[in-house]
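Only one structure is covered here, and it is reproduced in the block below.
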There are 2 protein chains.
Amino acid sequence: MSPRAAKQKPNLAELLRAGRIDEFIALALDMEAVDLADVLSSLDDDERLTAVRALPPEVSSEALAEMPEEEHAEDTLAALEPEQAADIVDEMADDDAADLLQDLDPEEQERILSAVEDRTEVDRLLAYDEESAGGLMTTHVVTVLDAATAGEAIEAIRRQAEEMEGFYQVFVVDGAHHLVGLLPLKDLVTSPPERGVREFMEAPDITVTPDRDQEDVARLMARYNVPSVPVVDAGGMLLGRVTFDDVIDVVEAETTEDLLQFGGVSADEELGGSWAEAVRSRLPWLYVNLLTAFAAASVVLVFSDAIRELKWLAVFMPIIAGMGGNAGTQALAVSVRRIALGQVSAGEEIGIVGKEVVVGLVNGIASALVAGGIGWMAAGPQFGAVVALAMVANLGVAGFAGAFVPLFLERLRIDPAIASSVFVTTFTDMCGFFLLLGMATHFLL
Amino acid sequence: MSPRAAKQKPNLAELLRAGRIDEFIALALDMEAVDLADVLSSLDDDERLTAVRALPPEVSSEALAEMPEEEHAEDTLAALEPEQAADIVDEMADDDAADLLQDLDPEEQERILSAVEDRTEVDRLLAYDEESAGGLMTTHVVTVLDAATAGEAIEAIRRQAEEMEGFYQVFVVDGAHHLVGLLPLKDLVTSPPERGVREFMEAPDITVTPDRDQEDVARLMARYNVPSVPVVDAGGMLLGRVTFDDVIDVVEAETTEDLLQFGGVSADEELGGSWAEAVRSRLPWLYVNLLTAFAAASVVLVFSDAIRELKWLAVFMPIIAGMGGNAGTQALAVSVRRIALGQVSAGEEIGIVGKEVVVGLVNGIASALVAGGIGWMAAGPQFGAVVALAMVANLGVAGFAGAFVPLFLERLRIDPAIASSVFVTTFTDMCGFFLLLGMATHFLL
């Protein structure tokens, strides 16, 4: 940990604001990149630009790559003179460079890249989808020819490893750069120099193609406990590697997205963004919800005579609907998560929906005993019975909708986290109102 | 990937059911542990027991450690004869063994452990909290003395690495087992044998104490991009290491917990559990919700004369309350996630709540224009104005509650994901009913 860095953060920002640039640089050079990135995050746009201009490109490149809000790093890059930006991109790992350049507008991107010394690797990475293995990988890999001896392999690693930040696996390739194996470092360390690498290399547990979705890659790495996974093309040629640290970032980001979407917030709302951004991200969902709320309320309108006759209907109406919404959300949370974890195989859907309907009905009976009892005390046994029946039926419906809606959206290849909760609560609201008011009209009035 | 394994799954289960145990074992020996674990998962309890009894302990131990639902592995272990279970525990990595034994009841645990060859390490791990660095770590580390040369270090690694599954870092310790550095493998590979390890070892980026929360450990590893982090006691003595694959599992598990809790489901509900388990996990929350729903409905009761006089109140009542609930859930999702990611520093709370109130009010005005307009068309300009005012005020309240409730619970050291959504929606329901019905009574009737 870096309590030291935490203490220095205000100092660094103050030094910069006071124009004591030399002292700022001296302290910054002494920090971990990720801690310096936090300092840069805490600055305003102009200050950040001053800091990045003052820092040597090999330092600012790492800090920009580590910044928690990617947008800030992108804006800074775009605001620099193209040559300065290019110097920073030159120093950056190719995957970090591609990540930052990806979201710039095309002219901006081209302006910087045309000043970069060697743009081939970044260009290649930019061609992949940002959320795929190709978008996540670095092309910097340590490779050894399959014809080499342990001694030659060590020599090759020495040459390649110097420029590399951290490497966890040595890949064995044939003359045409096809991946043929992995070289366990412990075996390499302990092999006599004349031993051929073919004798002690291992078959790669897993490989992925560059179009593989990043969530799949994360799940595979966790499943097979590998710190990095080789990316190969359809012909088996080694293109790059994805490492565990990218994958932890992916899992964290997907978690944020899933939770936000579940809460009816656009997945790309920045958590620390301005109120105006938040309004833009959330208002569309509220409008969708307003539409569905009016649809549900139209059921109430149809039965407004019943409500005028029996005031208890207006009191119990939101209870039945609300309990349905909650039970539906419960079923939805479990189903969305099962889908996200890849736990739902084809043919299991009916069983899953069935289980949720049973859970809904049982919970409905348990809730009906309480709510129906109170209804009885309020307005007599018949009213209590109507409340109880409506509760059981609506919670059964909620279980059905909570499981069916996300499974159905998944079948249509729509991310079930996105629109499910609106559909489910609309459904439970309408059914709740209809069941209570309809049965009351039929049986009581 | 293992399409092969996927194809064999039914075969394996069928072989077992047909009593063709030898063929089952022959195929099982050829699989990755994690794929065999999936096969075991697909069996029923008796079949699983038969399979585990038939497999050699060095194979079944790995498969049990990898099983997706830990409970199944625990039940299997408990159902075996103590000697057989002990053979399996002997073969297991100490952290996996501790994970499985942790949840057995104490006598069961003791019965197995007393038959284990060397229980000291497992006993030590069992003493730590399951969700801490100590509960996550393995005590199997590769260490080298700081007085050693590169040649001696390689010799030491050769000796230690044989029994170890995978290792990513070599730790340098002094004579009293205090951690003094890390040995980058690439430097070790490329150093002359007589070079002292002190000359090329690196200072450890981060260390954690065993009581450190597992989510913190995950976040630190992602932040500093390290594949394994050393666990040291308060005196700096090396106790073990936590590796990236444990951490990916932690992040996945925490994601599931957060999403379930957000949906009002107990965090320990097994996603694929029975309907009875699901009822036990969810009914308590529904009862809490029923209580709060009655509290909100009591507001409706107070104003039931107004509803009888103006039927449109019953129609617009759920719209105002529902929109508040949705806006509150949006603010809640963003706030809960910011807290979970450690993005909220002391003193920032007022700014966060302030932003959410502004977002709520702005979204409230946008929603009020539509809802108020429809209210006007339905029941005249005064009614439209009341609807609009209630909408703006309730969405402002929703923004406040959505940010304030989780921040307040966090201050009280209650996990804000747990109870926040019940509080927030109760608050918005009550306020929604009160604002609409109260203003209508005051201004219209």
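Reminder, nothing fancy here: chain letters follow the sequence lines and each chain counts from 1.
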Under 4.5 Å heavy-atom distance to chain B, tell me which part of [X] shows up: side chain, backbone, both or neither.
X: A:Ser281; answer: neither
X: A:Val362; answer: side chain
X: A:Glu155; answer: neither
X: A:Val247; answer: side chain
X: A:Val358; answer: side chain

Using a 4.5 angstrom heavy-atom cutoff, name the option from B:Arg338, B:Glu66, B:Arg219 with the most pairs to chain A.
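If we count pairs closer than 4.5 Å to chain A, B:Arg338 comes out on top.
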
So which residue, [options], ends up with the most heavy-atom pairs under 4.5 Å with chain B?
options: A:Asp429, A:Leu188, A:Ile374, A:Leu332; value: A:Ile374
options: A:Leu290, A:Ile154, A:Val265, A:Thr329; value: A:Leu290
options: A:Val359, A:Val370, A:Val299; value: A:Val359
options: A:Asn289, A:Val300, A:Asp246, A:Val344; value: A:Asn289
options: A:Val336, A:Val226, A:Val34, A:Asp187; value: A:Val34
options: A:Ala297, A:Pro227, A:Ser274, A:Ala296; value: A:Pro227

Can you tell me how far [atom2] of [Y] sits from [atom1] of [X], rounded to the nearest 0.5 angstrom?
X: A:Thr425; Y: A:Met430; atom1: OG1; atom2: CE; value: 12.0 Å
X: A:Arg337; Y: B:Asp258; atom1: CZ; atom2: CG; value: 9.5 Å
X: B:Ser191; Y: B:Leu183; atom1: OG; atom2: CG; value: 8.0 Å
X: B:Ser228; Y: A:Phe244; atom1: OG; atom2: CZ; value: 8.5 Å
X: B:Leu260; Y: B:Trp285; atom1: CG; atom2: CH2; value: 12.5 Å
X: A:Met221; Y: A:Asp205; atom1: CE; atom2: CG; value: 11.5 Å

Which side-chain N or O atoms in residues 302-324 of chain B pair as donor and acceptor under 3.5 Å with protein atoms at least two apart or in another chain?
| from | atom 1 | to | atom 2 | distance (Å) |
| --- | --- | --- | --- | --- |
| B:Ser304 | OG | B:Leu301 | O | 2.8 |

Are the side chains of A:Leu286 and B:Gln330 in touch, meaning some heavy atoms are under 4.5 Å apart?
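Of all side-chain heavy-atom pairs linking B:Gln330 with A:Leu286, at least one is under 4.5 Å.
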
Pairs satisfying salt bridge (Lys or Arg N to Asp or Glu O under 4.0 Å), at least one member in residues 280-302 of chain A, at least two apart
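Every salt bridge (Lys or Arg N to Asp or Glu O under 4.0 Å) pair that includes a residue of residues 280-302 of chain A, provided the two are not neighbours, is A:Glu269-A:Arg282, A:Arg282-B:Glu356.
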
Identify which part of B:Ile352 has an atom lying under 4.5 Å from any heavy atom of chain A, answering side chain, backbone, both or neither.
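For B:Ile352, no heavy atom lies under 4.5 Å from chain A.
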
Where on B:Ala331 is there a heavy atom nearer than 4.5 Å to chain A: the side chain, the backbone, both, or neither?
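Contact with chain A involves both backbone and side-chain atoms of B:Ala331.
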
